[in-house]
Amino acid sequence: QVQLVESGGGLVQPGGSLRLSCAASGGTFSNYVMSWFRQAPGKEREFVAARRWSGTDTMYTASVKGRFTISKDNAKNMVYLQMNNLKPEDTAVYYCAAQTGIVIRTTPGAMDYWGKGTLVTVSS
């Protein structure tokens with residue numbers, strides 16, 4: 001059974017940085033795409049970033065390009081989201097997700113597994 005557990009959320013001032021972590025277990029992830037989504041209060045869950053577990057292909061939503069970086073550690077089965085220059089509009093619950101296959105998809109319905117989320121609050 002695949003399990004994804006996020007950590008690293010918290011309160012940060014505008015312009016600050018956070019690194020989110022996602023511990024993946026219970027599967028062989030070489031044929032997965034790992035993604036981050038977020039959901040702000042009163043809004044729908046939206047795609048943030050993704051990368052193939054094998055290879056270097058990545059994808060970002062326009063609002064985070066140049067500020068967020070998705071990375072992974074194969075040895076530890078970890079996926080990270082480094083978030084820099086955070087803005088109040090980045091405030092949301094951030095979810096790690098896993099999708100089987102190699103085509104990066106950006107809709108929540110295409111994900112096969114989800115973590116429970118970690119809250120990021122950007123406020124002064």
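The structure places NZ of Lys65 at 9.0 Å from OG1 of Thr58, a figure rounded to the nearest 0.5 Å. Atom-to-atom distance recorded for Asp73:CG and Ser21:OG is 10.0 Å, nearest 0.5 angstrom. Once rounded to the nearest 0.5 Å, the distance linking CZ of Arg38 with CZ of Phe47 reads 11.0 Å.
No path of Ile, Leu, Val, Met, Phe, Trp and Tyr side chains, each step under 4.5 Å between heavy atoms, connects Met59 with Tyr94, placing them in separate hydrophobic clusters. Residues Leu81 and Tyr113 fall within the same hydrophobic cluster, defined by Ile, Leu, Val, Met, Phe, Trp and Tyr side chains chained together at heavy-atom separations under 4.5 Å.
Crowding of Arg67 atom CZ: a count of heavy atoms from other residues, nucleotides or ligands under 6.0 Å exceeding 12. Residue Glu89 qualifies as enclosed at atom CD: its count of foreign heavy atoms under 6.0 Å is above 12.
A donor-acceptor pair under 3.5 Å is formed between the side chain of Thr118 and the backbone N or O of Gly9. Distance alone, capped at 3.5 Å, places no donor-acceptor pair between the Gln13 side chain and the Ser17 backbone. A donor-acceptor pair under 3.5 Å links the side-chain atoms of Arg51 to the main chain of Gly55, judged by distance alone.
Two residues are said to be in side-chain contact when any heavy atoms from C-beta on lie closer than 4.5 Å; Val48 and Tyr60 fail this criterion. At least one side-chain heavy atom of Trp36 sits under 4.5 Å from a side-chain heavy atom of Val79. Side chains of Ser35 and Met111 form a contact here, defined as non-hydrogen atoms less than 4.5 Å apart. In this structure, the side chains of Val5 and Lys116 stay at 4.5 Å or more apart for every pair of heavy atoms.
The two residues Val33 and Gly101 make their nearest non-hydrogen contact at CG2-O, 3.5 Å. Residues Leu4 and Ala24 approach most closely at CD2-CB, 3.7 Å, considering heavy atoms. Between Glu6 and Gly117 the shortest heavy-atom distance is OE1-N, 2.9 Å. Contact detail for Gln99 and Arg105: the closest heavy-atom pair is OE1-N, 3.2 Å. Residue Ser30 comes nearest to Ser54 through the heavy atom pair O-OG, 2.8 Å, listed as atom of the first residue, atom of the second, then distance. Listed here is the closest heavy atom pair of Met34 and Cys96: CE-SG, 4.2 Å.
For Thr121, the side chain to side chain contact (heavy atoms under 4.5 Å, CB included) criterion is met by Leu11, Thr91, Leu119, Ser123, not counting sequence neighbours. The side chain to side chain donor-acceptor pair (under 3.5 Å) test applied to Ser25 returns no partner, not counting sequence neighbours.
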Subject >> Derivation of the side-chain contact (heavy atoms from CB on, under 4.5 Å) call for Gln82 and Phe68 >> reply: CA-CA 5 Å; Gln82 177 67 42; Phe68 291 12; over 6 Å; no
Original post:
Hey, mind stepping through Asn31 and Thr100 against side-chain contact (heavy atoms from CB on, under 4.5 Å) and telling me if it holds?
Top reply: CA-CA 6 Å; Asn31 291 325; Thr100 55; over 6 Å; no
**OP:** List the steps and the verdict of side-chain contact (heavy atoms from CB on, under 4.5 Å) for Leu18 and Val120.
**Re:** CA-CA 9 Å; Leu18 277 178; Val120 172; 3.9 Å; yes
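Between Phe29 and Trp53, the distance from one ring center to the other falls under 6.0 angstrom. With ring centers used as reference points, Phe37 lies under 6.0 Å from Trp114.
Side-chain contact annotation: Lys72 with Asn74, donor-acceptor N/O pair under 3.5 Å present.
Under the side chain to side chain contact (heavy atoms under 4.5 Å, CB included) rule, Pro14 has a single partner from Leu86, Asp90, Val122, which is Val122.
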